[in-house]
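None of these values were measured; they are calculated from a predicted model.
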Amino acid sequence: MAAVPITCVKFTTSSMHTNQIIAKPSIHKLVSLGRVTSGVPCLRLRASRFQISCAAKPETVTKVCEIVKTQLALSADSVVEPDSKFSALGADSLDTVEIVMTLEEEFGISVEEENSQNITTVQEAADLIEKLVEKKNATA
């Protein structure tokens with residue numbers, strides 16, 4: 001059984017569905033509340049796929065977008081959003097390595113090679129940065 005820190009999960013109640021909650025920030029996926037056991041409600045999945053993500057702070061996402069634009073020499077009017085894939089923006093593997101190196105310098109973190117290979121979008125990069133910065137601050 002997997003454990004997820006509760007600070008990473010955001011749920012809000014849905015006014016149109018009794019005993020249901022909507023997982024955010026991903027696409028709305030409905031889950032129903034099961035019986036409460038030991039004071040904790042049990043969640044039952046009602047979608048074929050369910051994803052819990054730890055959303056990075058908006059300022060982190062914005063900074064990552066700016067760095068990606070600069071590294072890829074994109075025009076000022078180019079749209080870079082959290083779900084933008086580096087490859088769709090014209091980045092090859094070397095560009096992605098350079099983006100990660102710049103992010104490491106900018107945020108004062110170190111990204112392990114296996115983690116850097118899993119970064120394909122701005123949001124993934126921002127989420128990893130938040131995680132590494134939190135870890136760094138916790139040990140400081």
Side-chain angles (χ1 to χ4, degrees):
M1 178 150 94
V4 178
I6 196 67
T7 57
C8 290
V9 183
K10 295 181 184 177
F11 291 104
T12 59
T13 58
S14 172
S15 59
M16 46 190 257
H17 300 289
T18 311
N19 283 341
Q20 291 185 336
I21 55 179
I22 299 174
K24 289 187 177 183
S26 63
I27 298 173
H28 299 309
K29 309 271 191 210
L30 295 178
V31 293
S32 62
L33 290 172
R35 287 185 358 165
V36 175
T37 317
S38 304
V40 179
C42 173
L43 300 177
R44 284 190 298 256
L45 182 58
R46 283 208 160 158
S48 59
R49 230 170 106 181
F50 185 69
Q51 179 179 2
I52 297 175
S53 64
C54 302
K57 296 174 190 169
E59 56 269 18
T60 302
V61 175
T62 301
K63 195 167 196 171
V64 172
C65 287
E66 291 169 3
I67 289 170
V68 169
K69 271 184 158 181
T70 302
Q71 277 306 127
L72 299 178
L74 299 175
S75 64
D77 60 340
S78 294
V79 178
V80 177
E81 297 178 338
D83 61 347
S84 296
K85 291 189 175 281
F86 296 151
S87 59
L89 296 171
D92 59 19
S93 58
L94 181 58
D95 291 323
T96 303
V97 169
E98 290 175 353
I99 290 169
V100 171
M101 289 172 58
T102 304
L103 293 172
E104 287 177 323
E105 290 174 19
E106 187 67 33
F107 290 95
I109 57 171
S110 179
V111 179
E112 299 294 326
E113 187 176 341
E114 59 270 4
N115 287 334
S116 67
Q117 293 173 354
N118 295 327
I119 299 172
T120 59
T121 67
V122 170
Q123 186 68 54
E124 290 171 354
D127 291 344
L128 180 61
I129 289 165
E130 289 285 329
K131 178 181 163 187
L132 294 173
V133 167
E134 278 184 26
K135 185 177 178 181
K136 178 183 170 185
N137 291 340
T139 59

Exercise for review: Would you give the length of the straight line joining atom CG of L103 to atom CD of Q71, rounded to the nearest 0.5 angstrom?
Suggested key: 8.0 Å
Check your understanding: Are the side chain of T60 and the backbone of A56 linked by a donor-acceptor contact shorter than 3.5 Å?
Key -> no
Practice item. Any salt bridge (charged side-chain N to carboxylate O under 4.0 Å, His left out) involving residues 90-99? Give me the pairs, sequence neighbours left out, ordered by first then second residue. Key: none
Point to revise | Minimal non-hydrogen separation, S116 against V100, with atom names | key: CB-CG1, 4.0 Å
Check your understanding: For atom NZ of K131, is the number of surrounding heavy atoms from other residues, nucleotides or ligands below 6.0 Å larger than 12?
Key -> no
Review point. Does any N or O in the side chain of K69 come within less than 3.5 Å of the main-chain N or O of A76, such that one atom is a donor and the other an acceptor?
Key: yes
Review point. Just how far is it from atom NZ of K57 to atom CD1 of I129, taken to the nearest 0.5 Å?
Key: 12.0 Å
Practice item. Can you run down the side chain to side chain donor-acceptor pair (under 3.5 Å) pairs that involve residues 75-86, sequence neighbours left out, and say none if there aren't any? Key: S75-D77, S75-S78
Check your understanding: Is there a side-chain contact between L72 and I99 (heavy atoms, below 4.5 Å)?
Key -> yes
Practice item. For E114 and N118, test the side chains for any donor-to-acceptor distance below 3.5 angstrom and give the result as yes or no. Key: no
Study note, to complete from the structure: Tightest non-hydrogen contact, residues I119 and F86, listed as CG2-CE1, 3.5 Å
Exercise for review: Mark yes when over 12 heavy atoms from residues, nucleotides or ligands other than E113 sit less than 6.0 Å from its CD; otherwise mark no.
Suggested key: no
I'd like a table of donor-acceptor pairs (distance under 3.5 Å, sequence neighbours excluded) in which one partner is a side-chain atom from residues 104-111, with atom names and distances.
unit_1, atom_1, unit_2, atom_2, d
E104, OE2, V111, N, 2.6
E106, OE2, K63, NZ, 3.0

Practice item. Would you check if L128 and L132 make a side-chain contact, meaning some heavy-atom pair closer than 4.5 Å? Key: yes
**Study point:** From T62, V61, V68, residue fulfilling side-chain contact (heavy atoms from CB on, under 4.5 Å) relative to C65
**Key:** V61
